[in-house]
Amino acid sequence: MIKFLEISKKVKQALENNKPVIALESTIISHGMPYPQNIQVAKDLEKIAKDAGVVPATICLMNGKIKIGLNDDELEILAISKDVAKVSRRDFSRVLASKKIGATTVAATMIAAHLAGIKVFATGGVGGVHRGAEDSFDISADLKEFAQTPVIVISAGAKAILDLSKTLEILETFGVPVYGFQTDFFPAFYSAESNIRIDRIDSEKEIADIYKTNMQLGFKSGILVGNPIPKKYEIPFSEIDEHIKIALDRAKRNSVTGRGLTPFLLAEIVKITKGSSLETNIRLVENNVALACRIAKEF
Ligand code: PSU
Ligand code: MN
């Protein structure tokens, strides 16, 4: 498997010298945000990490390689290109074998980060159990990945396009530790909190310690950290919920399902909120990258 890895020089050096590194996913660039904001965000996130003294490793599939750490040209290709595949675990080998460009979801980024030896990964929101999953069975492969790949994922929880309580139930079933960072409630992406209680953790060191203990026990699971968006940037739940219902209705009327559903809903919500949800989305990812950097420094 390692033969497919192509680790950038900076990331390799940092890993060899035990310097802090964080992984960043590429699906939020290619499928999660529109151009040209996406390229700006991709670069800004890398800058936040660098300014914190941490080496950022944005991950994608390209030319039959799992690329760990991208240069500006590669980021640009991901942001602009129209035929970037969205890669979750099941798509990994197909996209590698075809040598096409693939953007990695949370699940695929966890796999790649773990192969490269990166312990901490920052994203926006994780995939989860979709509303109406009792009929559609639409449950993101991200959740199963948490059960089997030991990476700490910093997220702002999950969007209310999902069924948050079912998402947490599945994670519990899979034995995945889920923590609220300095909060007692699972964050709801655009909104700082949902009404669902989770275990609280107050320091970066505690998260690192739990990860180390998990590894010493031989547990394979990842750790999901819910990091709430700062209150001043949040969109209140009641407000965003109306927009989400409109987006869900449009998805139903256009028969959007499967891997296309999450990107469709994200894009519709940006349209409905005239870009304000995008602004919020950017703020929360930045906030997650900053926390990921502090946790990476605990190792
Ligand atoms: N949630 C977001 N923004 C995103 C995604 C999720 O708020 O961009 C992306 C992530 O890459 C996540 C993927 O891993 O969507 C989940 O897709 P699906 O629901 O098809 O598993
Ligand atoms: Mn799905």
Side-chain angles (χ1 to χ4, degrees), residues 23-35 37-38 41-42 45 58-61 78-79 84-92 95 102-113 121-146 149 151 153-164 166-167 170-171 186-191 194 222 224 226-229 234-235 240 243-244 247-248 251 256-270 273 277-289:
L24 298 167
E25 67 155 301
S26 42
T27 296
I28 54 173
I29 304 172
S30 61
H31 294 73
M33 292 182 192
Y35 182 82
Q37 288 94 337
N38 58 356
V41 172
L45 297 180
T58 303
I59 291 175
C60 79
L61 307 187
L78 269 173
V84 178
K86 174 179 163 185
V87 176
S88 193
R89 175 178 276 271
R90 65 157 179 193
D91 312 292
F92 222 98
V95 174
T104 50
T105 60
V106 168
T109 308
M110 289 174 78
I111 295 170
F121 157 31
T123 183
V126 290
V129 180
H130 280 263
R131 294 191 193 182
E134 56 275 30
D135 295 318
S136 68
F137 273 49
D138 192 344
I139 299 173
S140 175
D142 290 352
L143 300 186
K144 172 113 189 303
E145 206 56 51
F146 273 102
T149 304
V151 173
V153 181
I154 317 303
S155 75
K159 271 202 192 65
I161 57 175
L162 302 171
D163 186 320
L164 299 185
K166 287 197 182 80
T167 298
I170 292 283
L171 286 167
F186 191 53
F189 201 79
Y190 302 116
S191 326
S194 65
L224 176 57
N227 184 34
I229 182 167
E234 79 165 351
I235 306 178
I240 198 72
H243 305 319
I244 287 168
L248 284 167
V256 184
T257 56
R259 63 157 69 88
L261 181 60
T262 297
F264 177 90
L265 293 172
L266 300 181
E268 287 304 309
I269 294 167
V270 172
T273 62
S277 69
L278 182 58
E279 210 36 56
T280 309
N281 198 343
I282 295 168
R283 294 288 96 77
L284 65 87
V285 188
E286 291 170 346
N287 189 47
N288 293 340
V289 169

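We count ligands from 1, going down the list as the structure has it; atoms in each ligand are counted the same way. One-based numbering along the sequence shown.
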Exercise. If hydrogens are left out, which of Ser26, Gly125, Ser140, Ala156 has an atom nearest to atom 6 (C) of ligand 1, that is, the closest non-hydrogen atom?
Worked result: Gly125
Exercise. Taking the minimum heavy-atom distance to atom 8 (O) of ligand 1, which of Ile28, Leu143, Thr27 ranks first?
Worked result: Ile28
For this session: Could you please tell me which protein N, O or S atoms lie under 2.8 Å from the Mn ion (ligand 2)?
Result: Asp138 OD1
Part of [X] within contact of ligand 1 (heavy atoms, under 4.0 Å):
{"X": "Thr262", "result": "side chain"}
{"X": "Thr105", "result": "both"}
{"X": "His130", "result": "side chain"}
{"X": "Asn281", "result": "neither"}

As an exercise, state the distance from [atom1] of [X] to [atom2] of [Y], rounded to the nearest 0.5 Å.
{"X": "Thr262", "Y": "Asp138", "atom1": "OG1", "atom2": "CG", "value": "6.5 Å"}
{"X": "Phe121", "Y": "Thr149", "atom1": "CZ", "atom2": "OG1", "value": "11.5 Å"}
{"X": "Thr273", "Y": "Ile240", "atom1": "OG1", "atom2": "CD1", "value": "6.0 Å"}
{"X": "Leu164", "Y": "Arg131", "atom1": "CG", "atom2": "CZ", "value": "8.0 Å"}

Which heavy atom of the protein is the closest neighbour of [atom], given with residue, atom name and distance?
{"atom": "atom 2 (C) of ligand 1", "result": "Lys159 NZ, 3.0 Å"}
{"atom": "atom 16 (C) of ligand 1", "result": "Asp142 OD2, 3.8 Å"}
{"atom": "atom 4 (C) of ligand 1", "result": "Leu266 CD1, 3.5 Å"}

Exercise. Hey, does Gly127 come in under 3.5 Å of ligand 1, counting only N/O atoms on both sides?
Worked result: no
Mark yes or no for whether [X], through its side chain, and [Y], through its backbone, hold a donor-acceptor pair below 3.5 Å.
{"X": "Thr104", "Y": "Val87", "result": "no"}
{"X": "Asp142", "Y": "Ala107", "result": "yes"}
{"X": "Thr27", "Y": "Thr105", "result": "yes"}
{"X": "Lys86", "Y": "His31", "result": "no"}
{"X": "Asn288", "Y": "Thr123", "result": "yes"}

Problem set entry | Side chain proximity check, Ile139 to His130, heavy atoms < 4.5 angstrom | no
Under a 4.0 angstrom heavy-atom cut-off, which atoms of ligand 1 come close to [X]?
{"X": "Glu25", "value": "10 (C), 11 (O)"}
{"X": "Gly32", "value": "8 (O)"}
{"X": "Lys86", "value": "17 (O), 18 (P), 20 (O)"}

Exercise. Under the side-chain contact (heavy atoms from CB on, under 4.5 Å) test, which residues partner Asn287, sequence neighbours left out?
Worked result: Asn227, Pro230
Problem set entry | Criterion side-chain contact (heavy atoms from CB on, under 4.5 Å) against Glu25, the qualifying member of Val106, Ile59, Val153 | Val106
